[in-house]
Amino acid sequence: MTDPKPLFLASGSEIRATLLRNAGLRFDIARPRVDEDAIRASLQAEDAGPRDIADALAEFKAAKVSDKHPGALVIGCDQVLDLDGAVLTKPESPAAARQQLMDLRGKTHRLLSAAVVCENGRPLWRHVGTARLTMRDFSEDYLDAYLTRNWPEVGNSVGAYMLEAEGVRLFSRIEGDYFTILGLPLIELLTWLGIRGDIAA
Ligand SMILES: Nc1nc2c(ncn2[C@H]2C[C@H](O)[C@@H](COP(=O)(O)OP(=O)(O)OP(=O)(O)O)O2)c(=O)[nH]1
């Protein structure tokens, strides 16, 4: 096997780095300087749906970092929460998280996790994983206690929950890939890297 190409994760997401590290991958982290809100707003102005928004943002982040690292493989990611067509983003305060979880309570929402791999600014691979999650009708007392115990950690998560932690208690049903929910279509990414020979398979 020829020397593997350098691998970068163009993300500031702790969970994405943890998932790749736990899978045994060696990579560097380069946070993209991308105005996600502006890009998301312009895409929504063109009636882009949640899937296209996640895919486009993931590509923006990967392309921006890969321009700076010629010859490297750069993974860009983005996750969008779709509640009946509305695109929700990471809550910026406990109050915002409380409101968001009240909006999600008793309903089914989708998480769309996009990953794009770029080399020299050009996309080589892309995947959008989708999961459907149904939240139970939890009490407001539980919700307040949940946020007291889990803020600010859950502020790093688009749905104000960490499925691998207490967030699992918010749900009555989950359909889809666990890693997609955490924020990275990991199995699809590892499969592609393995087929190419960038990682041992
Ligand atoms: N630990 C954990 N994190 C989650 C879960 N669900 C979603 N997330 C995180 C993954 C991502 O870090 C974040 C989704 O927001 P973004 O896709 O905008 O990524 P983020 O801003 O964190 O980083 P990036 O834009 O890639 O630099 O939510 C979960 O169940 N557990």
Side-chain angles (χ1 to χ4, degrees), residues 5-23 25 27-83 85-91 109-133 155-160 162-163 176-196 198-199:
K5 292 177 188 283
L7 185 63
F8 280 83
L9 173 62
S11 173
S13 166
E14 263 184 51
I15 187 67
R16 290 182 174 130
T18 300
L19 291 174
L20 291 176
R21 203 174 302 118
N22 289 352
L25 271 63
F27 59 96
D28 289 307
I29 291 174
R31 297 183 66 138
R33 299 270 173 264
V34 168
D35 184 345
E36 293 191 44
D37 294 338
I39 295 168
R40 187 180 299 111
S42 68
L43 289 163
Q44 286 176 302
E46 294 158 16
D47 288 333
R51 181 188 185 84
D52 292 338
I53 291 171
D55 179 68
L57 276 167
E59 179 172 343
F60 260 98
K61 296 178 215 179
K64 184 115 190 213
V65 170
S66 83
D67 279 340
K68 297 192 178 75
H69 298 278
L73 293 179
V74 179
I75 306 162
C77 308
D78 195 72
Q79 187 179 47
V80 164
L81 187 153
D82 168 16
L83 174 63
V87 170
L88 277 60
T89 56
K90 290 191 293 186
H109 65 271
R110 294 192 306 157
L111 280 180
L112 297 101
S113 289
V116 174
V117 177
C118 283
E119 182 178 14
N120 301 324
R122 294 183 53 255
L124 299 181
W125 175 84
R126 57 189 345 119
H127 182 81
V128 180
T130 302
R132 287 166 51 85
L133 302 92
N156 296 320
S157 164
V158 70
M162 296 167 70
L163 188 69
D177 176 77
Y178 175 75
F179 299 109
T180 289
I181 294 169
L182 265 56
L184 179 69
L186 181 63
I187 292 174
E188 293 80 1
L189 174 63
L190 294 174
T191 301
W192 179 75
L193 289 169
I195 288 169
R196 278 174 41 105
D198 292 301
I199 58 174

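Just so we're clear, the structure is a prediction, and the values are computed from it rather than from any experiment.
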Supply the atom-to-atom distance [X] [atom1] to [Y] [atom2], rounded to the nearest 0.5 angstrom.
| X | Y | atom1 | atom2 | value |
| --- | --- | --- | --- | --- |
| Asp67 | Cys118 | CG | SG | 8.0 Å |
| Ile75 | Leu25 | CD1 | CG | 7.0 Å |
| Arg132 | Leu111 | CZ | CG | 11.5 Å |
| Leu182 | Asp177 | CG | CG | 9.5 Å |
| Leu19 | Ile187 | CG | CD1 | 10.5 Å |
| Gln79 | Leu57 | CD | CG | 12.5 Å |

_CA sep, side-chain torsions, deciding dist, call: Val128, Thr180, side-chain contact (heavy atoms from CB on, under 4.5 Å)_ = CA-CA 9 Å; Val128 180; Thr180 289; over 6 Å; no
Within the side chain of [X], is there an N or O that forms a donor-acceptor pair under 3.5 Å with the backbone of [Y]?
| X | Y | value |
| --- | --- | --- |
| Arg16 | Gly183 | yes |
| Lys64 | Arg33 | yes |
| Asp82 | Val87 | no |

Minimum heavy-atom separation for [X] and [Y], please, with both atom names.
| X | Y | result |
| --- | --- | --- |
| Arg21 | Phe27 | N-CE2, 3.7 Å |
| Leu88 | Val158 | O-CG2, 3.5 Å |
| Asn120 | Pro70 | OD1-CA, 3.2 Å |
| Glu119 | Gly71 | OE2-O, 3.7 Å |
| Val80 | Pro50 | CG1-CB, 3.8 Å |
| Ile181 | Ala131 | CG1-CB, 3.5 Å |

*Looking at Arg126, Arg51, Lys61, Lys90, which one forms a salt bridge (Lys or Arg N to Asp or Glu O under 4.0 Å) with Asp78?*
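Answer to the salt bridge (Lys or Arg N to Asp or Glu O under 4.0 Å) test with Asp78 among Arg126, Arg51, Lys61, Lys90: Lys61.
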For the residue pair [X] and [Y], establish whether any side-chain heavy-atom pair is separated by less than 4.5 Å.
| X | Y | value |
| --- | --- | --- |
| Glu188 | Trp125 | yes |
| Phe179 | Leu184 | no |
| Ile39 | Ile53 | no |
| Leu124 | Arg196 | yes |

*Pick out which of Leu73, Val117, Val74, Ile199 makes a side-chain contact (heavy atoms from CB on, under 4.5 Å) with Leu7.*
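The single option meeting the side-chain contact (heavy atoms from CB on, under 4.5 Å) with Leu7 is Leu73.
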*So does Glu14 have more than 12 non-hydrogen atoms from other groups sitting under 6.0 Å from CD?*
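No - once you tally the heavy atoms of other residues, nucleotides and ligands closer than 6.0 Å, there are 12 at most.
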*side-chain contact (heavy atoms from CB on, under 4.5 Å) between Asp37 and Arg40, intermediate numbers included*: CA-CA 5 Å; Asp37 294 338; Arg40 187 180 299 111; 3.0 Å; yes
